[in-house]
Novice: 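Got a structure here, written out as structure tokens. Questions coming.
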Amino acid sequence: MASLELNKIAAGVLCAGLLAMASGQIAGILVSPKMPEQNAYEVDTSAVRDGAAAPAKSAGPVLEPIMALLADADPQAGLKVFKKCAACHTTESGGANRVGPNLWNIVGGAKGARDGFGYSSALTNFEGTQAWDYASLNAFLASPKTYMPGTKMTFVGLRKVSDRANVIAYLRTIADTPAPLPTPDDIANEEAAAGG
């Protein structure tokens with residue numbers, strides 16, 4: 001009789017295994033995940049090279065001149081692009097800091113000057129221009145990690161110069177007094193610097 005009991009136990013274990021396998025196959029048929037065509041958040045992997053050592057840092061990407069585009073930039077289109085940023089930044093006067101600082105009066109404002117926000121040492125020790133002028137905003141929005149290595153900002157950046165111009169035009173509007181648009185001399189100087 002003991003062998004009959006052992007047979008029952010073995011049959012029970014075998015049936016449980018078959019049932020688990022069949023359940024997995026049926027679940028795979030009923031629930032077939034669809035991969036999205038495009039990632040919701042793009043991760044910059046250009047620095048990763050099949051396990052090889054990272055190449056020496058370059059001076060950064062060559063940026064298209066932006067100042068000439070600002071006169072015709074569309075703040076409403078910039079607001080639409082800015083919605084990506086709204087999860088981390090507020091824009092109203094006196095607004096609270098979130099993961100990122102409040103951006104009211106940011107164009108022309110001092111870098112790292114929002115009270116109550118813990119800036120990275122990369123920003124507080126930054127050796128470039130100390131104000132968020134049009135050129136520095138263009139470079140930062142194109143690639144925050146390239147412009148300011150060590151920044152806490154995890155956003156990969158805006159590749160299209162038109163998107164950057166529109167966002168900067170929008171940021172310019174969220175101020176007590178909007179910063180003046182670039183002068184023809186500013187535009188000519190930027191284009192000369194980009195050309196050579």
Side-chain angles (χ1 to χ4, degrees), residues 38-47 57 59-61 63-183 186-187 189-190 193:
Q38 183 179 2
N39 288 337
Y41 184 80
E42 186 176 334
V43 177
D44 184 9
T45 59
S46 61
K57 282 202 176 224
L63 294 175
E64 305 89 341
I66 197 165
M67 291 190 194
L69 300 175
L70 290 174
D72 296 325
D74 182 3
Q76 289 304 311
L79 174 59
K80 289 178 185 172
V81 175
F82 184 82
K83 291 190 190 274
K84 298 176 187 178
C85 312
C88 297
H89 297 281
T90 59
T91 56
E92 60 276 349
S93 177
N97 295 319
R98 289 187 183 161
V99 174
N102 174 275
L103 298 180
W104 179 262
N105 270 339
I106 196 70
V107 178
K111 292 179 180 167
R114 295 290 183 248
D115 290 336
F117 186 77
Y119 291 97
S120 65
S121 59
L123 192 135
T124 56
N125 299 328
F126 188 69
E127 294 190 14
T129 177
Q130 296 305 306
W132 285 113
D133 60 11
Y134 294 122
S136 61
L137 281 168
N138 183 34
F140 190 74
L141 291 174
S143 178
K145 299 266 185 211
T146 301
Y147 178 70
M148 193 176 289
T151 182
K152 291 193 290 185
M153 185 149 157
T154 58
F155 184 65
V156 71
L158 298 171
R159 293 179 193 253
K160 290 182 177 179
V161 67
S162 59
D163 285 347
R164 293 193 304 272
N166 289 335
V167 167
I168 293 169
Y170 166 67
L171 291 173
R172 182 180 167 271
T173 66
I174 55 168
D176 295 321
T177 304
L181 286 170
T183 65
D186 295 334
I187 294 169
N189 291 339
E190 182 189 45

Novice: Mind listing the closest non-hydrogen atom pair of P149 and A122 along with its distance?
Specialist: O-CB, 3.2 Å
Novice: Measure the OG-CG distance between S143 and L158 for me, rounded to the nearest 0.5 Å.
Specialist: 10.5 Å
Novice: Which heavy atom of P101 sits nearest to which heavy atom of Y119, and what is that distance?
Specialist: CB-OH, 3.5 Å
Novice: Are more than 12 heavy atoms from other residues, nucleotides or ligands located less than 6.0 Å from atom CG of D115?
Specialist: no
Novice: Quick check: closest heavy atoms across A73 and A165, and the distance to 0.1 Å?
Specialist: CB-O, 3.6 Å
Novice: Calculate, to the nearest 0.5 Å, the distance between atoms CG and OG1 belonging to N105 and T91 respectively.
Specialist: 11.5 Å
Novice: Specify the closest pair of heavy atoms between A77 and N166, including all atoms of both residues, with the distance to one decimal.
Specialist: CB-ND2, 3.7 Å
Novice: Would you say Y134 and V107 make side-chain contact, with heavy atoms under 4.5 Å?
Specialist: yes
Novice: Is the shortest heavy-atom distance from the side chain of E92 to the side chain of I174 under 4.5 Å?
Specialist: no
Novice: With a 4.5 Å cut-off on side-chain heavy atoms, are L70 and P182 touching?
Specialist: yes
Novice: To the nearest 0.5 Å, tell me how far K111 NZ sits from Q130 CD.
Specialist: 6.5 Å
Novice: Rounded to the nearest 0.5 Å, what separation is found between the CD atom of E64 and the CG atom of N138?
Specialist: 7.5 Å
Novice: Between Y147 and F140, how do the two ring planes meet: parallel, tilted or perpendicular, split at 30° and 60°?
Specialist: perpendicular
Novice: Quick check: does any side chain N or O of K145 sit under 3.5 Å from a backbone N or O of T151, one acting as donor and the other as acceptor?
Specialist: yes
Novice: Report yes if the side chains of R172 and P75 come closer than 4.5 Å at any heavy-atom pair, otherwise no.
Specialist: no
Novice: Report the C-alpha separation of N102 and H89 in whole Å, then their side-chain angles, then the decisive distance to 0.1 Å, and conclude whether the side chain to side chain contact (heavy atoms under 4.5 Å, CB included) test is met.
Specialist: CA-CA 5 Å; N102 174 275; H89 297 281; over 6 Å; no
Novice: Report the residue from L69, I66, L137, V81 that forms a side-chain contact (heavy atoms from CB on, under 4.5 Å) with R164.
Specialist: I66
Novice: Tell me, please, which residues at least two apart from K152 pass side-chain contact (heavy atoms from CB on, under 4.5 Å).
Specialist: S120
Novice: Between CG of L141 and CZ of F82, what distance do you get to the nearest 0.5 Å?
Specialist: 9.5 Å
Novice: Rounded to the nearest 0.5 Å, how far apart are SG of C85 and OH of Y170?
Specialist: 9.5 Å
Novice: Do you know which two heavy atoms are closest between I187 and A68, and how far apart they sit?
Specialist: CG2-CB, 3.7 Å
